[in-house]
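What follows is a set of notes on a single structure, which appears directly below.
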Amino acid sequence: MNTLTAYILRRLGQFVFVIFTGVTLAFLITNLSPVDPVEQSLTQLTSFGASDPRAVELMRESLAELYGLQGNLFEQYVNFWGRVLRADFGPSLSAFPTPVITLIANAAPWTIGLLVTSILITFVLGNLIGALAGYFRRSRFLKVLGMVIMTINPIPHYFIGLILLIFLGFVFPIFPISGGAQMNRPSGFDLGYVLSVLYHGFLPALSLVLAGLGGWFIGMRSLVSNVVTDDHVLYAELAGVKGRKIFSQYVARNAMLPQMTGLAMQLGQIFGGTVIVEFLFNYPGMGRLLIQGIYRGDYSLVLGVTTISIFAVAFAVLLIDILYPLIDPRVKLG
Amino acid sequence: MFKVIRDLLRYNREFLAGFTLTALVLVFAALHFWTPYPGYNLYLLPPDMPPSSEYWFGTTSRGQDVVWQLSEAVWNTMSFGLTVTILSRVIAISVGMVSGYLGGRTDRVLMSINDTFIALPNIPILLLVYFVLREQMTWPLLAVCAALLGWTYDSRLIRSVSLSLRTREFTRHGVFSGMSTWRILWKEHLPYVLPIIFFTAMNNLIWAISLEVTLSVLGFTDINRPTIGGMIYWANQHQAIISGIWWWIAFPILSIVILFLGLFMLAMSVNEYVDPRSRLDRMGGAA
């Protein structure tokens, strides 16, 4: 077995382990908590009126069946796995009778679009500026830019979003503050709709970019300023390799490797930030779905979104890990 | 230790600035012990007063003084953050140092668990915990949950330092003179790992506080306990932005930004202190 196959198999094993832990964790949290979801949903339902004891009893049974809460703990666990693997989380209580998975399927493209766009911009921009700042350490402009980026860096997503929303949404109403696209516009692949999506996504994406830029910048700057002093760079300089080539092929490429690993490690965090930003801008993605589910006491929706996001993040990490050998030939050669 | 801090204060401008900002916020938070209006007492004062000489930061729509409430909020938020940081440091240090020192199978197993926890999205899991616990979700419980999720990144960092210490001469001396593994880790390795622990602790504190702020802004913590996020939650509930009560939102945001800047500068300057190459660079020598 060559090293590349071994590497991919190891990553796959890690992927399975992450999914297993995540799903088990979600199951344990929901089942070992002192609050009974069936009773909780019942209280919520009966507070609106209907309280015929027989009807309540019937509802209790059907809810227990719906949530897969019949049998002992182990049976419930196996049952839960079955439902997760079939991606069947039952109907949503707050949007009855739409299945949870349909709600998630409608929301997922928004989140994926927002995430992929903002991660790409953040990663490329942060690393580029960071690499330049590490390479041209005497540049005054890059120093000032670095200071600005680092000042924004520790501010939480929510506040960056809120400040943007107040200034570019209320004080100077340039950008829309809510929704994923113009309302009443039929969704389709025409120019107007795409523009509207980009226009609405601008502030959420900008919040994510501003919040994430600093991390890549700081990491890349210190990596590059370490690589610059390496022997192979000095040798290339003495051998008369062009500066541009040294920067992109000798320095930046080497420094990129830990950053790629870092990206895989940060995905879970970045996803968390998106949840908040989506909620703030009322963006129709999975984060808003999750938070609305919590406000409405929608058990199956919350459990569904959490489980699916564990899957999605683990899958994205796996994808980055599998693409990693493309930029790091050492994995292939062993 | 104190000598190091004194030198840093004297020669490192970033450390001095970070130290001053953090201390400023802490002093402000400590003032809440002398607050005339403890907790979330409502309608003690005329609502919606703009900042003035009587109410420095104005009053809320709920008739509270923003200055005193913010002071208590910063205190509560800080104590949450510190609890998370201390708890998660215990896990991160033990896992990182043991994993790095022992290596081999132990290292592989521990790092596999570590990588698994890294890949789990924190916010959805914490939201799920809140969802099933609701009112029974107290802040110490939330702190424990956050600590259980927040150690992974740092334990990898600590492991990498520990890994390099393992092959050093003095470790071998320790082993051959019959020191136990725990004694080597505790007496010999810990002092070398301390600076990186301090660096990760600052970052973890920032992470924990922003987590708390985020969750309480959404109303997913005990909303009757003043916190920075909680203040913004109530401001949002009263449509403070739309009705122009800007001071209710601006001052909590300002306090967080100042605090984070301070902590962040502390972390960065200590990181530089640890890394001799950037220290040389600062002094103008050739790196």
Side-chain angles (χ1 to χ4, degrees), chain A residues 13-15 17-18 20-22 25-26 29-30 33-35 37 40 137 150-151 153-159 162-163 165-166 170 218 222 225-226 228-229 264-269 271-273 275-276 279-280 286-287 290-291 293-295 297 299 302-303 305-306 309-310 312-314 317, chain B residues 112-113 115-136 145 149 152-153 156 203 206-207 209-211 213-214 217-220 229 232 236 241-242 246 249-250 252-253 256-257 259-265 267-268 271-272 275 277-278 281 286-287:
Chain A
Q14 186 69 39
F15 171 72
F17 196 49
V18 171
F20 174 77
T21 316
L25 208 60
I29 290 170
T30 45
S33 87
V35 182
Q40 203 179 33
R137 267 174 301 177
M150 275 160 57
T151 313
N153 180 54
I155 306 174
H157 288 87
Y158 184 87
F159 287 161
L162 190 63
I163 293 167
L165 188 138
I166 291 174
F170 278 105
I218 296 165
S222 67
S225 52
N226 279 343
V228 163
T229 56
M265 285 163 92
Q266 298 258 301
L267 273 182
Q269 296 275 20
F271 183 83
V275 171
I276 307 309
F279 176 73
L280 181 66
M286 282 172 68
L290 176 62
I291 292 173
I294 295 174
Y295 282 138
Y299 179 80
V302 172
L303 191 56
V305 175
T306 312
S309 43
I310 290 170
V313 172
V317 171
Chain B
S112 179
I113 295 172
D115 289 353
T116 304
F117 273 87
I118 283 182
L120 291 177
N122 297 337
I123 296 258
I125 289 175
L126 285 172
L127 290 181
L128 187 65
V129 173
Y130 166 76
F131 181 74
V132 297
L133 287 176
R134 295 271 159 174
E135 276 76 39
Q136 299 179 37
C145 294
L149 292 170
T152 47
Y153 211 80
R156 252 198 182 282
N203 282 335
I206 292 177
W207 173 78
I209 291 178
S210 59
L211 189 75
V213 168
T214 307
V217 158
L218 300 171
F220 295 158
I232 296 172
N236 284 341
I241 303 178
I242 296 168
W246 56 267
I249 289 194
I253 292 186
I256 271 285
V257 171
L259 176 64
F260 277 14
L261 262 184
L263 292 175
F264 184 67
M265 281 163 118
M268 291 309 289
N271 192 36
E272 256 185 25
D275 177 17
R277 223 188 294 230
S278 49
D281 193 40

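Just so you know, these numbers come straight off a predicted model, no measurement behind them. Numbered from 1 within each chain, the chains take letters A, B, ... in sequence-line order.
Shortest non-hydrogen contact noted between B:F131 and A:G293 is CE1-O, 3.9 Å. The shortest heavy-atom contact between A:M265 and B:I118 is O-CG2, 3.1 Å. Among all heavy-atom pairs drawn from A:P154 and B:F260, the shortest one is O-CD2, 2.8 Å. Across A:M150 and B:F264, no two heavy atoms sit closer than the pair O-CE2, 3.4 Å.
B:V213 touches chain A through its side chain: at least one heavy atom from C-beta onward sits under 4.5 Å away, while N, CA, C and O do not. B:S112 touches chain A through backbone and side chain together, each having a heavy atom under 4.5 Å away. For A:I218, the part lying under 4.5 angstrom from a heavy atom of chain B is the side chain only. Proximity to chain B involves both the backbone and the side chain of A:I294, based on heavy atoms less than 4.5 angstrom apart. Using a 4.5 Å cut-off between heavy atoms, B:W246 does not touch chain A at all. Within the 4.5 angstrom heavy-atom criterion, no atom of B:M265 approaches chain A. For B:I232, the part sitting under 4.5 Å from any heavy atom of chain A is the side chain, from C-beta outward, and nothing else. No part of B:I209 comes within reach of chain A, as not one of its non-hydrogen atoms sits under 4.5 angstrom from that chain. For A:Y299, the parts lying near chain B are the backbone and the side chain together; criterion is any non-hydrogen pair under 4.5 Å. If you measure heavy-atom distances from B:L128 to chain A, the contacts under 4.5 Å come from both the backbone and the side chain. With a 4.5 angstrom heavy-atom cutoff, A:Y158 touches chain B only via side-chain atoms. In this structure, chain A has a heavy atom under 4.5 Å from the side chain of B:N236, while its backbone stays farther away. With a threshold of 4.5 angstrom between heavy atoms, A:L267 does not approach chain B through any atom at all.
Taking 4.5 Å as the limit, some side-chain heavy atom of A:I291 sits within range of a side-chain heavy atom of B:L127. Put simply, the side chain of B:L120 reaches to within 4.5 Å of the side chain of A:I310, judged on heavy atoms. Contact of the B:Y153 side chain with the A:Q269 side chain is not registered, since no non-hydrogen atoms from C-beta on lie closer than 4.5 Å. Side-chain contact between B:D115 and A:V317: absent, with no pair of heavy atoms (C-beta onward) separated by less than 4.5 Å.
For the set B:I256, B:I206, B:L126, the count of heavy-atom pairs under 4.5 angstrom toward chain A peaks at B:I256. Your options are B:P252, B:P124, B:A119, and the one with the most heavy-atom pairs under 4.5 Å with chain A is B:P124. Comparing B:L259, B:I253, B:L263 by how many heavy-atom pairs each has under 4.5 Å with chain A, the most go to B:I253. The residue among A:A264, A:G268, A:G22, A:G273 with the most heavy atom pairs within less than 4.5 Å of chain B is A:G268.
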Legend entry - Pair A:I276-B:V217, side-chain contact (heavy atoms from CB on, under 4.5 Å): steps then yes or no: CA-CA 10 Å; A:I276 307 309; B:V217 158; over 6 Å; no
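Rounding to the nearest 0.5 Å places CD1 of B:I123 at 9.5 Å from CG of A:L290. Summarising the geometry, atom CG belonging to B:L218 is positioned 5.0 Å from atom OH belonging to A:Y295; distances are rounded to the nearest 0.5 Å.
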